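Here the structure comes first, spelled out in structure tokens, and everything after it is commentary.
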Amino acid sequence: MSKEITSRAQDYSQWYNDLVLKGGLADYSAVRGCMVIKPYGFALWENMRDTLDKMFKDTGHVNAYFPLFIPKSFLSKEAAHVEGFAKECAVVTHYRLKNDPNGGGVVVDPEAKLEEELIVRPTSETIIWNTYKDWIQSYRDLPLLINQWANVVRWEMRTRLFLRTAEFLWQEGHTAHATAEEAVAETVQMLNVYADFVENWMALPVIKGVKTISERFAGAEDTYCIEALMQDGKALQAGTSHFLGQNFAKAFDVKFLNKENQLDHVWATSWGVSTRLVGALVMAHSDDQGLILPPRIAPLQVVIVPIYKGDEQKAKIGARADEIMSGLKALGIRVKYDDNDNQRPGWKFAEYEMKGVPVRITLGARDLENNIAEVARRDSKEKRNISLEGIVTYIKELLEDVQQSMFNKAKSYRDEHITPANSWDEFEKLLDEKGGFISAHWDGTAETEEAIKEKTKATIRCIPLDNKQEAGKCILTGKPSTQRVLFARAY
RNA sequence: CGGGAGGUAGUUCAGCCCGGUAGAAUACCUGGUUUGGGACCAGGGGGUCGCAGGUUCGAAUCCUGUCCUCCCGACCA
């Protein structure tokens, strides 16, 4: 069968690709580094997007949209920012094509060169702050709490479906505040929103923390992050929230009059999550049979597969399935009845397992006689015969249970893979043999961080929030340290 | 951007070394039998061999260029 999946043990990377492609989430495209998100994958993203969007609005944010193109000069206004993004920007230099005089189709019209080149946004801080300058005059205009859903382009050398593509979809929040304290509070609030979403909707436990200076967003004073752990023991940054200080306000001259009638630069934040979350979801939960999607964001939560001989049985089962469906739909459950004659039940079972549908109901003629249905859950593969009387309630509870089980499973895996290391030998051994997060002392210097990365490929993923303070010695240099930080190899 | 592998039917691949009418399995269409874990029989349709040049009487096959993908590295969300 062409739909077989490479096992995790055999080739983890290929397993991931197989899931994305054969699970129907995305396809490669004709454009280097760019993917086509297919309807099933997009439905998943839409569920994530809609949930997050509501959470943003519940915390007082509104949506807006800023241009795809950014004048080149904008990007150079904030030194650290341009440093961070210059190497991966797509640049528009011309605005017109013409027929090739040599007959080779169309060519760029050399006459149509832009006065100032346009950058395809890798992120929107610059164009947004250039705009905020006009929107903000006094403290009464603050805070300004805006989010945008958009695509961005970062010209990556090496791409992977969802995890790193040249173009990706995301949201970016950009807020302006009167005080540093308020901006920091916003940064932390949005980090908590992300953690809440990823844990409670994606069933994926995260560690909240702060990035070291070298891992910080280009142009930020502080970068907060949520870090998740994948099944191969590698960490994945699932979201970031930045306290930008007054860096962009100064670069774009955004000032406001405070209550004391004094002019001051505003304080900023930005925060984002992207379609990378889809990749995280796939890698964290799925198995060798296919995707396993958490019920709360699964495009399809329940599928009903009928088993029948002849039209008469099919009609009877169909009628009963309709009742179950309307019961489920009344509770807001996303359900599909698959009575397609072209595939046999066994094929459908395998297919919906591949696609990670959380719950399957099998309804056959034999079941109708006994007034039951077979209910199978995707996460544990457990099957159980359930009386048709209370099946709707049972399914509702089962979906909650699957959601919770998925989180618990991922959490115990994660917790088992946060390991303290107290010597360099132990540190290297853990990285190579166990993987996951390694909690170790670090002397706080960028040099040591870089040296460790050089030697082991492991980076400091974060300094956990509310980290325990304890005296110790740096894992590499032996210099004094006040706390442990989390190291890991990462995506 | 460096190293390696690859691109032939919707999909997975054979054919290429040694140039001579483009193949298999699966999927698809029709009819029939089936249906509790990826059904079976019979018939049928489908490919500018990634793209562009070149060599040749003749190119999927040889040569050059180019695009895309995968894996490994450097860089990064």
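When reading the values below, keep in mind they use all heavy atoms of this one structure, side chains included, and skip hydrogens, waters and symmetry mates. So that the names make sense, note that chain A is the first sequence line, chain B the second, and so on, each numbered from 1. Keep in mind that this is a model prediction, so the values were computed, not measured.
The residue A:F168 sits close to a base: some heavy atom pair falls under 4.0 Å. Contacts of A:T6 with the nucleic acid, taken as non-hydrogen atoms under 4.0 Å apart, are absent. Looking at heavy-atom distances under 4.0 Å, A:A365 makes contact with a base. Heavy atoms of A:L163 sit under 4.0 angstrom from at least one base atom.
Distance NZ (A:K453) to P (B:rG73): 14 Å, rounded to an integer number of Å. Residue A:D27 contributes atom CG, which lies 11 Å from atom C1' of B:rG10 at whole-angstrom precision. Rounded to whole Å, atom P of B:rU34 lies 17 Å from atom CG of A:N342. If you take CG of A:N370 and P of B:rG36, they are 17 Å apart, rounded to a whole angstrom. Separating the CE atom of A:M157 from the C1' atom of B:rC76 is a distance of 10 Å, rounded to the nearest angstrom. Here the P atom of nucleotide B:rA77 and the CD atom of A:E156 are 8 Å apart, to the nearest Å. Protein atom NZ of A:K348 is 9 Å distant from nucleotide atom C1' of B:rU35, rounded to whole Å. Here B:rG36 presents its C1' atom at 17 Å from CG of A:D339, a figure rounded to the nearest Å.
B:rA59 sits 15 Å from B:rG50 when the P atoms are compared, rounded to a whole Å. Using atom P as the reference point in both B:rC17 and B:rU61, the two lie 9 Å apart (nearest Å). Using P as the reference atom, B:rC28 and B:rA5 are 36 Å apart when rounded to the nearest Å. Here the separation of B:rG44 from B:rC49, taken at their C1' atoms, is 24 Å to the nearest Å. With C1' as the reference atom, B:rG10 and B:rC29 are 13 Å apart, rounded to whole Å. Spacing between B:rA42 and B:rC63 at atom P, rounded to whole Å, works out to 43 Å. Between the P atoms of B:rG4 and B:rC76, the separation comes to 25 Å (whole Å). Here, B:rA60 and B:rG23 have their C1' atoms 12 Å apart, quoted to the whole Å.
For A:T187 and A:S241, the side-chain atoms include no donor-acceptor pair closer than 3.5 Å.
Rounding to the nearest 0.5 Å gives a distance of 11.0 Å between SG of A:C34 and CG of A:L161.
Across the interface with RNA chain B, nearest-nucleotide mapping of A:L363 and A:F217 shows A:L363 to be the residue nearer the 5′ end. Ranked by how close their nearest RNA chain B nucleotide is to the 5' end, A:G346 and A:Q343 are led by A:Q343.
Between A:D232 and A:R8 there is no salt bridge, since no side-chain N of the basic residue sits under 4.0 Å from a carboxylate O of the acidic one.
The partner of B:rU64 is B:rA52, by the rule that a Watson-Crick or G-U pair needs both atom distances under 3.5 Å. Pairing for B:rC1 goes to B:rG73, judged as Watson-Crick or G-U wobble with the two contacts each under 3.5 Å. Remark: B:rA24 base-pairs with B:rU12. Criterion, Watson-Crick or G-U wobble with two distances under 3.5 Å. For B:rG43, the paired base is B:rC29 (Watson-Crick or G-U wobble, both distances below 3.5 Å).
Around NZ of A:K316, the count of heavy atoms belonging to other residues, nucleotides or ligands within 6.0 Å does not exceed 12.
A donor-acceptor contact shorter than 3.5 Å links the side chain of A:Q313 to the backbone of A:K309. Looking only at distances, no side-chain donor or acceptor of A:W271 sits under 3.5 Å from a matching main-chain atom of A:Q171. When atom types are taken as modelled, the side chain of A:Q301 and the backbone of A:P295 share a donor-acceptor pair closer than 3.5 angstrom.
With A:E353 as the fixed residue, the salt bridge (Lys or Arg N to Asp or Glu O under 4.0 Å) test singles out one of A:R377, A:R378, A:R360, A:K348: A:R360.
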Please tabulate, one pair per line, each protein N/O and nucleotide N/O from nucleotides 50-52 of chain B that are separated by under 3.5 Å, including the distance.
none

Below 3.5 Å is the cut-off: list the nitrogen or oxygen pairs between protein and nucleotides 68-72 of chain B, distance only.
from: B:rC68; atom 1: OP2; to: A:R32; atom 2: NH1; distance (Å): 3.1
from: B:rU69; atom 1: OP1; to: A:G33; atom 2: N; distance (Å): 2.6
from: B:rC70; atom 1: OP1; to: A:Y28; atom 2: OH; distance (Å): 3.1
from: B:rC70; atom 1: O3'; to: A:N17; atom 2: ND2; distance (Å): 3.3
from: B:rC71; atom 1: OP1; to: A:N17; atom 2: ND2; distance (Å): 3.1
from: B:rC72; atom 1: OP2; to: A:R158; atom 2: NH2; distance (Å): 2.3

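Cation-pi check for A:K77 over A:F74 is met; the charged atom lies under 6.0 angstrom from the ring centroid and within 45 degrees of its normal. Within the cation-pi definition used here (under 6.0 Å to the ring centroid, within 45° of the axis), A:K355 qualifies as a partner of A:Y40.
OP1 or OP2 of B:rA39 lies within a sub-4.0 Å distance of a side-chain N or O belonging to A:R344.
Taking only side-chain atoms of A:P345, from C-beta outward, the nucleotide of B:rA77, B:rG38, B:rG36 with the closest atom is B:rG36.
If you check distances only, the side chain of A:K383 does reach the base of B:rG37 with a donor-acceptor pair under 3.5 Å. Within 3.5 Å, a donor on the side chain of A:E351 pairs with an acceptor on the base of B:rG38, or the reverse.
Ring geometry for A:F248 against A:H81 counts as perpendicular: the plane angle is over 60°, on a 0 to 90° scale with 30° as the lower cut. The aromatic rings of A:W170 and A:F168 sit perpendicular to each other, their planes meeting at more than 60°, with 30° as the lower class boundary.
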